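In what follows, every heavy atom counts, from backbone to side chain, and hydrogens, waters and symmetry copies are set aside. Fair warning: this is a prediction, and the values are worked out from it, not measured in the lab. Letters go in sequence order (proteins before strands), and every chain restarts at 1.
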Amino acid sequence: MLTNGLYPDAHVLPSVIKACAGLLVVKIGKQVHGFSLVSGLSLDPFVGSSLFHFYIKCDELVSAHKLFGNMVERDVVSWSALAAGYARKGDVVNAKKVFSGTESLGFEPNTVSWNGMIAGFNRSGCFMDAVLMFQQMHLHGFTFDGTSISSVLPAIGDLGYLNSGTQVHGYVIKTGFADDKCIISALIDMYGKCGCALEMSKVFEDRGQVDLGACNALIAGFSRHGLVDKALTVFKELQDQGVELNVVSWTSVIACCSQHGKDVEALDLFREMQAAGVKPNSMTIPCLLPACGNIAALMHGKAAHCFSLKMAISNEVYVGSALIDMYANCGKIQAARCCFDRMPAHNLVCWNAMLGAYAMHGRAKEAIEIFLWMQRSGQKPDAVSFTSLLSACSQSGLTKEGHHYFESMSRDHGIEARLEHYACMVSMLGRAGKLEEAYSIIKKMPFEPDACVWGALLSSCRLHHNMSLGEVAASKLFELEPRKPGNYILLSNIYASRGKWKEVDKVRDIMRNKGLRKNPGCSWIEVKNKVHMLLAGDKLFPQMAQILDRLSRLSMEMKKAGYSPNTDYVLQDVEEQEKEHILCGHSEKLAVVFGLLNTSQGSPLRVIKNLRICGDCHAVIKFISKFEGREILVRDTNRYHHFKDGHCTCGDYW
DNA sequence: CTAGGGTTAG
């Protein structure tokens with residue numbers, strides 16, 4: 001229009017502005033605003049009103065409020081929109097102020113105004129305020145319509161208010177809203193969130209017609225209850241029936257898989273989704289990325305990153321946080337930091353993602369830097385932030401800093417230490433060899449220590465060969481987790497390292513009587529875009545002969561360099577020679593050597609292990625990194641080890 | 001020729 005020499009008037013501008021609001025294109029909308037100011041058209045009540053609603057829709061409350069003051073016509077519609085806008089932003093004070101101000105100016109809020117407030121509070125997670133609005137709406141003599149009901153139910157579910165939820169359900173049946181699709185989905189969701197799987201399924205079965213929304217809510221509900229197979233069955237049945245699944249259906253089932261250890265399935269579903277012609281959105285990516293991180297499938301993670309770049313969502317808080325997490329999980333701490341730095345704004349989730357990334361890589365200094373920066377920029381930390389911070393201090397042996405932050409938690413931040421914080425402290429002191437101090441922290445805890453806390457003590461006892469405290473921790477763990485093999489293994493490790501073979505046998509007998517077996521060690525490595533799995537002592541692995549050959553040549557080189565195998569890590573009472581042989585079969589060593597054989601010289605290797613890395617393997621991989629000139633990353637259940645030039649970033653301290 | 005509210009996925 002402009003290039004054709006036509007000048008927009010007060011009639012066309014509102015349509016343009018409406019389009020900007022619909023597409024959420026803030027920049028263009030602001031340009032149109034500028035144009036209307038220059039041309040004087042902004043004085044037109046229609047133009048002003050549409051600009052105002054544009055800013056509300058784009059969550060630009062400051063601009064909206066400014067405009068609001070200059071508007072000629074301020075009716076109940078605009079007052080309500082402004083109040084709801086503040087509610088959507090989580091600005092409870094301003095939302096309530098504007099909302100009640102509406103009344104005092106002689107405008108009576110109507111049903112739509114009330115509903116807008118409930119929905120707005122929901123969006124910003126102010127569930128209590130949403131429920132309060134619902135109650136007050138009733139007290140003010142309003143009758144609920146379908147929108148009020150479907151808006152309040154998610155809030156009730158998130159708060160876990162089963163009684164209120166059941167009451168609303170009764171109201172729905174009584175007033176004949178039971179045919180409303182949105183309400184049915186919302187009811188299924190509410191019962192799911194309140195932990196009532198039976199009631200949830202009942203609502204689903206009683207519904208009149210097939211509705212995709214209800215199915216999606218059911219899939220999410222099953223997933224929430226850990227009923228993964230049921231969720232997948234519902235999904236597959238819909239597929240078989242030829243139902244056109246939408247982006248929510250796909251995202252729900254992908255989230256279900258990546259949250260329940262079905263990572264490969266999640267990746268496959270993502271591919272299938274694209275083949276089905278359904279476009280992922282900014283919710284799909286954060287659901288998919290954890291699956292990439294869990295199995296360190298870096299190539300898939302990068303592909304998802306590219307997707308988010310193409311969709312221009314890579315800098316959104318949830319997408320960005322999920323990217324940080326994925327890269328950290330894949331060993332790419334620098335890439336994680338890049339994603340963090342590119343984001344224009346950080347919320348608590350982003351800061352915690354970055355803190356967690358540094359903690360996982362044992363980078364305490366960087367974690368502390370992030371923590372200080374976070375506070376400088378006005379973001380208050382929460383309990384999760386402190387878990388990462390303390391864990392980072394513990395990994396790096398920064399006991400002084402760890403103590404400092406542990407004490408500042410409740411003193412300066414009003415956050416009471418939880419079990420996980422105590423576990424960090426115990427492990428921090430324990431690793432540093434201060435086992436008695438760690439034990440006294442446990443004894444002084446204001447609540448019952450859990451398995452994580454005792455586990456931290458037992459691991460430390462293993463590290464420092466402390467039998468007496470190890471026995472105390474182990475006996476607690478045998479009560480709390482009688483069926484977890486790892487605890488028995490740790491205790492017998494301690495006995496074995498002291499040559500107490502009778503005790504080793506005793507523990508082994510207990511395990512045998514309980515029918516428990518040592519979890520087999522298992523490592524993964526990605527070579528040429530394919531993930532390979534190696535089991536400890538895996539005799540059937542195709543290249544095993546070559547791997548063992550290379551390994552024995554390496555160990556000859558190591559012995560020349562003065563290395564002696566650390567046979568502490570062998571549980572059996574066998575000859576030294578045999579012990580060395582057992583150590584050779586550890587899966588992380590096998591995976592590293594497999595990587596050496598199948599990648600070009602000098603390229604880095606990334607290995608993931610299902611258990612903690614063994615001390616002997618740690619020493620061997622350090623040697624390999626120097627001798628072969630390779631950077632080697634090993635992620636165990638606890639953290640990343642980054643081997644380079646014969647050293648590890650953990651400083652042999654884990 | 002302009003303007004307000006709903007479910008299910010993080």
Legend entry - Minimal non-hydrogen separation, A/His33 against A/Leu51, with atom names: CD2-CD1, 3.5 Å
Inset, instruction - List the atom of A/Glu316, the atom of A/Ser282, and the distance in Å for their closest heavy-atom pair. - result: OE1-CB, 3.4 Å
Quick one: which of [options] gets closest to the side chain of [X]?
{"X": "A/Lys18", "options": "B/dG4, B/dA3, B/dG6", "result": "B/dA3"}
{"X": "A/Ser15", "options": "B/dC1, B/dA9, B/dA3", "result": "B/dC1"}
{"X": "A/Cys182", "options": "B/dA3, B/dT7, B/dA9", "result": "B/dT7"}
{"X": "A/Ala119", "options": "B/dT2, B/dG4, B/dG6", "result": "B/dG6"}
{"X": "A/Asn281", "options": "B/dT7, B/dG5, B/dA9", "result": "B/dA9"}
{"X": "A/Val248", "options": "B/dG5, B/dA9, B/dT7", "result": "B/dA9"}
{"X": "A/Ser150", "options": "B/dG4, B/dG6, B/dA9", "result": "B/dG6"}
{"X": "A/Phe46", "options": "B/dT7, B/dT2, B/dG5", "result": "B/dT2"}
{"X": "A/Thr251", "options": "B/dG10, B/dA9, B/dT8", "result": "B/dA9"}
{"X": "A/Ser49", "options": "B/dT2, B/dG4, B/dA9", "result": "B/dT2"}

Write down the distance between [atom1] ([X]) and [atom2] ([N]), rounded to a whole number of angstrom.
{"X": "A/Arg123", "N": "B/dG10", "atom1": "CZ", "atom2": "C1'", "result": "14 Å"}
{"X": "A/His225", "N": "B/dT8", "atom1": "NE2", "atom2": "P", "result": "16 Å"}
{"X": "A/Trp250", "N": "B/dA9", "atom1": "CH2", "atom2": "C1'", "result": "14 Å"}
{"X": "A/Phe134", "N": "B/dT7", "atom1": "CZ", "atom2": "P", "result": "14 Å"}
{"X": "A/Ile184", "N": "B/dT7", "atom1": "CD1", "atom2": "C1'", "result": "10 Å"}
{"X": "A/Phe52", "N": "B/dG4", "atom1": "CZ", "atom2": "C1'", "result": "9 Å"}
{"X": "A/Arg88", "N": "B/dG6", "atom1": "CZ", "atom2": "P", "result": "8 Å"}
{"X": "A/His11", "N": "B/dC1", "atom1": "NE2", "atom2": "C1'", "result": "6 Å"}

Sugar-phosphate only, base, or nothing, as touched by [X] at under 4.0 Å among non-hydrogen atoms:
{"X": "A/Pro154", "result": "sugar-phosphate"}
{"X": "A/Ser148", "result": "nothing"}
{"X": "A/Ile254", "result": "nothing"}
{"X": "A/Thr147", "result": "base"}
{"X": "A/Ser151", "result": "sugar-phosphate"}
{"X": "A/Ser321", "result": "nothing"}
{"X": "A/Asp75", "result": "base"}

Inset, instruction - Would you state whether a donor and an acceptor, one from the side chain of A/Asn110 and one from the base of B/dG4, lie under 3.5 Å apart? - result: yes
Legend entry - A/Asp180 (side chain) and B/dG6 (base): donor-acceptor pair under 3.5 Å: yes
Legend entry - Side-chain donor or acceptor of A/Ser185 paired with backbone N/O of A/Ala214 under 3.5 Å: yes
Inset, instruction - Hey, can you tell me if A/His346 and A/Phe340 have their rings parallel, tilted or perpendicular (30° and 60° cut-offs)? - result: parallel
Inset, instruction - Could you tell me if the ring centre of A/Phe371 sits under 6.0 Å from that of A/Phe386? - result: yes
Inset, instruction - Give a yes or no on whether the ring-centroid distance for A/Phe270 and A/His300 is below 6.0 angstrom. - result: no
Legend entry - All side-chain contact (heavy atoms from CB on, under 4.5 Å) counterparts of A/Ala392, not counting sequence neighbours: A/Ala359, A/Ala364, A/Ala367
Legend entry - Presence of A/Gln259 side-chain N/O under 4.0 Å of B/dG10 phosphate oxygens OP1/OP2: yes
Legend entry - A/Arg224 side chain near B/dA9 phosphate (N/O to OP1/OP2, under 4.0 Å): yes
